[in-house]
Protein chains: 2
Amino acid sequence: MNIGDASDRSGLPAKTIRYYEDIGLLKPGRAENGYRDYSSSDVHRLKFLQRSRSLGFSVEECRQLLSLYGDTARESADVKAMAEVKLGEVDRKIAELIELRGVLQHLVHNCHGDARPDCPILDDLSGKAPRDPSPAEAAEHSSPSKH
Amino acid sequence: MNIGDASDRSGLPAKTIRYYEDIGLLKPGRAENGYRDYSSSDVHRLKFLQRSRSLGFSVEECRQLLSLYGDTARESADVKAMAEVKLGEVDRKIAELIELRGVLQHLVHNCHGDARPDCPILDDLSGKAPRDPSPAEAAEHSSPSKH
DNA sequence: CTTGACCTTCCAGTTGCTGGAAGCCTTACG
DNA sequence: CGTAAGGCTTCCAGCAACTGGAAGGTCAAG
């Protein structure tokens, strides 16, 4: 099967599939014309990748999951532990975003949003306005560079 | 003021401050020895950046906010609109993560997590197991490449 | 025989930094 | 006065996880 079909069946763009091959997650065969030739197990693997990526596992984590998947002697505890760690991360991210949401909503709520140049949002961002200590204050001095 | 002090006062790493200068968010003066020299308004600008970045605005959005901030003729509605868009994005992200959380928790819950090689998590990821249609199903065919 | 849809490779760019090397500048200590 | 530590400068490279595009080969239909 050509890459286009593999793309359709796995839900991954062809570019991404080639990229996954580049980084060694996949080694499809080649047809005589040089085209990549995907078996159904390749497609299976791609679907696995699509789903685990969409569940928030990093590519490296996917690599581990795949090797656990291929290892008939693995223990399900290993996999469960990874999923639990990921669950914790998701929980933390949700909490952060909810906090963020609170601050943004506060800003939006306090801004009259008309043609006047006066704007509480900018005042807040600039640190000018007397803000009541919101939960976001605690995070104020955390580096914004954690992406 | 040297970059180290500006870093301390703004909460941004020196590297990040230089980077912001590189991309034109800032133009501090230079001392005779070639060191960057930050005024208190530069620091103000840096704090503004730190806070708006930590609120989830992209660097380009920060650039817009800064130009709105400097524009005495701007209307607060412009700023409010940006904040509202951002709020919507945050809401969407939270919803996605909560959905994700549900799937992960379902997986963790169903995995016995012992020494047996049998693992419902991997089965689910591979599409093998008969899963009940969860909310994540709907997102199954969305590209995972939106990061 | 040509058109258009696929496929190939390779190179570059995205976002927002971060790390490191090589080399000045400044300050404190002995 | 020398030197060592720390801060500052520049530039180059790299991270994740792709994505876009150019230049060109291949294939099926009309």
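Just so it is clear: chains get the letters A, B, ... in the order the sequence lines come, proteins before strands, and each one is counted from 1. Note: hydrogens, waters and symmetry copies are ignored here, and every other heavy atom, side chains too, is used. Being a predicted model, the structure only gives us computed values, none of them experimental.
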Can you check the B:Gln50 CD to C:dC17 C1' distance for me, whole Å?
15 Å
Separation of C:dT18 P from B:Ile23 CD1 (nearest whole Å):
12 Å
Mapping A:Val59 and B:Tyr38 onto DNA chain D by nearest heavy atom, which one lands closer to the 5' end?
B:Tyr38
Using nucleotides 20-22 of chain C, report all nitrogen or oxygen pairs with the protein that are shorter than 3.5 Å.
{"unit_1": "C:dG20", "atom_1": "O6", "unit_2": "B:Lys15", "atom_2": "NZ", "d": "2.3"}

Output the rounded distance in Å from CG (B:Asn2) to C1' (C:dT27).
13 Å
Look at the side chain of B:Pro13 and decide which nucleotide, out of C:dT18, C:dT9, D:dT19, has an atom nearest to it.
C:dT18
B:Arg30 side chain near D:dT10 phosphate (N/O to OP1/OP2, under 4.0 Å):
yes
Nucleotides 24-30 of chain D: protein proximity per nucleotide (B base, S sugar-phosphate only, - neither; heavy atom, under 4.0 Å):
-BBS---
Could you tell me how far apart A:Arg18 (CZ) and C:dT9 (C1') are, to the nearest whole angstrom?
9 Å
Set of side chain to side chain donor-acceptor pair (under 3.5 Å) partners for B:Lys80, sequence neighbours left out
none
Would you give the length of the straight line joining atom OG of B:Ser10 to atom CG of B:Leu49, rounded to the nearest 0.5 angstrom?
9.0 Å
For B:Arg36 and D:dT10, is the shortest distance between a side-chain N/O and OP1 or OP2 below 4.0 Å?
yes
B:Ser58 backbone acceptor or donor facing B:Glu61 side chain under 3.5 Å
yes
What residue pairs, at least two apart or across chains, pass salt bridge (charged side-chain N to carboxylate O under 4.0 Å, His left out) with a residue in residues 100-109 of chain B?
A:Asp91-B:Arg101
Only counting residues at least two apart or in another chain, list the ones meeting side-chain contact (heavy atoms from CB on, under 4.5 Å) with B:Asp5.
B:Met1, B:Asp8
What integer distance in Å separates B:Ile17:CD1 from D:dT10:C1'?
17 Å
Would you be so kind as to tabulate the donor-acceptor pairs closer than 3.5 Å made by side chains of residues 22-36 of chain A, with sequence neighbours excluded?
{"unit_1": "A:Arg30", "atom_1": "NH1", "unit_2": "A:Gly34", "atom_2": "O", "d": "3.0"}
{"unit_1": "A:Asn33", "atom_1": "OD1", "unit_2": "A:Tyr35", "atom_2": "N", "d": "3.0"}
{"unit_1": "A:Arg36", "atom_1": "NE", "unit_2": "A:Glu21", "atom_2": "OE1", "d": "2.6"}

For D:dA16, does OP1 or OP2 lie under 4.0 Å from any side-chain N or O of A:Ser58?
no
Tell me what A:Ile3 touches on the nucleic acid: a base, only sugar-phosphate, or nothing, going by heavy atoms under 4.0 Å.
sugar-phosphate
Going by the rule side chain to side chain donor-acceptor pair (under 3.5 Å), which residues pair with B:Gln64 if we only count those two or more places apart in sequence or in a different chain?
none
Whole angstrom is fine here: how far is it from CG in B:Asp37 over to P in C:dC25?
17 Å
With sequence neighbours excluded, tell me which residues meet salt bridge (Lys or Arg N to Asp or Glu O under 4.0 Å) with A:Glu96.
none
Atom-pair distance (OH on B:Tyr19; C1' on D:dC11), nearest Å:
16 Å
Work out which heavy atom in B:Ser7 is nearest to a heavy atom in B:Leu12; give both atom names and the distance.
OG-O, 2.7 Å
B:Asp5 atom CG is separated from D:dG7 atom C1', nearest whole Å, by 11 Å
